[in-house]
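These notes concern the structure reproduced below.
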Amino acid sequence: GDFVYPVHRLDRATSGIVLLAKSSSAAAQMGSLFAERRVSKSYLALVRGHCEAAGRIEIPLIAARGRDKPDGHPFREPQEAVTEFRRRQTFEIPLQSYRYPTTRCSLVDVNPQTGRYHQIRRHFNYVSHPVIGDTSHGDNRQNHFFRSEYDLKRLMLAAVRLEFPHPWTKRRQAFECPPAVEFNELVDRLQAFEVRHP
């Protein structure tokens with residue numbers, strides 16, 4: 001029954017950890033940790049295609065508050081945005097998807113180094129590996145395939161771990177949360193189509 005203070009946000013369609021503070025002073029302390037990039041955020045995503053084994057995406061992005069502003073407005077100035085990732089598994093489903101004879105996707109561990117609007121979703125779309133189920137920045141043909149073949153009705157992106165120094169004790173805190181049930185169910189079904197890379 002207490003009032004809580006959201007310390008950060010997740011996209012509405014993303015499952016996983018959200019950090020809440022029980023006091024305004026704790027929220028302010030945690031806000032400083034996020035601003036100083038002392039909070040490590042880990043996500044799990046299923047993306048289109050077979051992506052590289054690991055990589056770093058550095059593409060500046062316009063902030064959320066700049067989306068509707070005219071060109072030349074200060075908020076329209078792209079801001080630094082960095083996303084690191086490591087491929088965990090790749091899959092090749094023996095069913096045609098659009099013009100390709102099979103459907104490929106990759107399960108990736110993602111660590112955003114900055115926190116821009118829809119950063120992970122926009123970055124993976126920019127490198128031609130959009131997140132499966134993303135109706136804003138994704139591949140609608142691929143989304144249709146996963147809806148019709150696997151009854152997928154969600155974004156395949158989950159915030160699975162947060163790690164940071166406690167604002168007062170300075171002891172390292174780590175919190176984990178498994179992906180949503182539907183996320184895990186689809187990944188389990190894809191195991192039969194895993195492709196091993198050398």
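Only a predicted model underlies this, so the values are computations on that prediction, with no experimental measurement involved.
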Legend entry - Donor-acceptor under 3.5 Å (H118 side chain, R121 main chain): no

Inset, instruction - For residues G16 and C177, report the shortest heavy-atom separation together with the two atoms involved. - result: CA-SG, 4.0 Å

Inset, instruction - Quick one: do E163 and R172 satisfy side-chain contact (heavy atoms from CB on, under 4.5 Å)? Show the steps, please. - result: CA-CA 7 Å; E163 191 172 342; R172 201 72 186 164; 3.3 Å; yes

Inset, instruction - Look at the side chain of R104 and the backbone N and O of H50, then say whether any donor-acceptor pair between them is shorter than 3.5 Å. - result: no

Inset, instruction - May I ask whether L162 and I120 are part of the same hydrophobic cluster, defined by side-chain heavy atoms of I, L, V, M, F, W, Y residues being less than 4.5 angstrom apart, directly or through others? - result: no

Legend entry - E185 side, atom CD; L152 side, atom CG - distance, nearest 0.5 Å: 10.5 Å

Inset, instruction - Ignoring hydrogens and angles, tell me if any N or O in the side chain of T103 forms a donor-acceptor pair with the backbone of L95 under 3.5 Å. - result: yes

Legend entry - Stepwise side-chain contact (heavy atoms from CB on, under 4.5 Å) check, L107 with F91: CA-CA 8 Å; L107 185 66; F91 308 100; 4.1 Å; yes

Inset, instruction - Compute whether any side-chain donor of one residue and acceptor of the other, for Q89 and Q191, lie under 3.5 angstrom apart. - result: yes

Inset, instruction - Would you give the length of the straight line joining atom OG1 of T83 to atom CD of Q119, rounded to the nearest 0.5 angstrom? - result: 3.5 Å

Legend entry - M30 reachable from L20 in the ILVMFWY side-chain graph, under 4.5 Å edges: no

Inset, instruction - Check the pair M156 / V187 against side-chain contact (heavy atoms from CB on, under 4.5 Å), numbers first and verdict last. - result: CA-CA 10 Å; M156 291 297 287; V187 172; 4.2 Å; yes

Inset, instruction - Could you name each residue pair satisfying salt bridge (Lys or Arg N to Asp or Glu O under 4.0 Å) that touches residues 43-52, not counting sequence neighbours? - result: R48-D139

Legend entry - Whether R37 side chain and T114 backbone form a donor-acceptor pair below 3.5 Å: no

Inset, instruction - Mark yes or no for whether S106, through its side chain, and G49, through its backbone, hold a donor-acceptor pair below 3.5 Å. - result: yes

Inset, instruction - Output all residues satisfying side chain to side chain contact (heavy atoms under 4.5 Å, CB included) with A159, sequence neighbours left out; order by chain, then residue number. - result: L10, Y43

Inset, instruction - Give a yes or no on whether I17 and L33 share a hydrophobic cluster (residues Ile, Leu, Val, Met, Phe, Trp, Tyr; joining criterion: side-chain heavy atoms under 4.5 Å apart). - result: yes

Inset, instruction - Answer yes if L19 and V160 sit in the same cluster of Ile, Leu, Val, Met, Phe, Trp and Tyr residues linked by side chain heavy atoms under 4.5 Å apart, and no otherwise. - result: no

Inset, instruction - Starting from the C-alpha separation in whole Å, work towards a yes-or-no answer on side-chain contact (heavy atoms from CB on, under 4.5 Å) for F193 and E92. - result: CA-CA 5 Å; F193 310 116; E92 186 158 4; 5.6 Å; no

Legend entry - Heavy-atom neighbours of H144 NE2 exceed 12 at 6.0 Å: no

Legend entry - Path from Y5 to V18 over hydrophobic side-chain contacts below 4.5 Å: no

Legend entry - D134 side chain vs H137 backbone, donor-acceptor pair below 3.5 Å: yes

Inset, instruction - Take the angle between the ring planes of H123 and Y126 and call it parallel below 30°, perpendicular above 60°, tilted in between. - result: tilted

Inset, instruction - Look at the aromatic rings of F34 and H8 and report parallel, tilted or perpendicular, splitting at 30° and 60°. - result: parallel

Legend entry - From S15 atom OG to E182 atom CD, the distance as rounded to the nearest 0.5 Å: 8.5 Å

Inset, instruction - Would you check if the side chain of R154 reaches a backbone N or O of F183 as a donor-acceptor pair within less than 3.5 Å? - result: no

Legend entry - V131, I132, L46 screened by side chain to side chain contact (heavy atoms under 4.5 Å, CB included) with L155, the one that passes: V131

Legend entry - Lys/Arg-Asp/Glu bridge criterion (N-O < 4.0 Å) met for D109, R86: no

Inset, instruction - To the nearest 0.5 angstrom, please state how far the CH2 atom of W168 sits from the CD atom of Q29. - result: 5.5 Å

Inset, instruction - Mind checking the CZ-CZ spacing from R99 to R141? Nearest 0.5 Å is all I need. - result: 6.5 Å

Legend entry - Sidechain-backbone polar pair: E84 side chain, V82 backbone, donor-acceptor under 3.5 Å: no

Inset, instruction - Nearest 0.5 Å please: distance from the CG atom of L190 over to the OH atom of Y150. - result: 5.5 Å

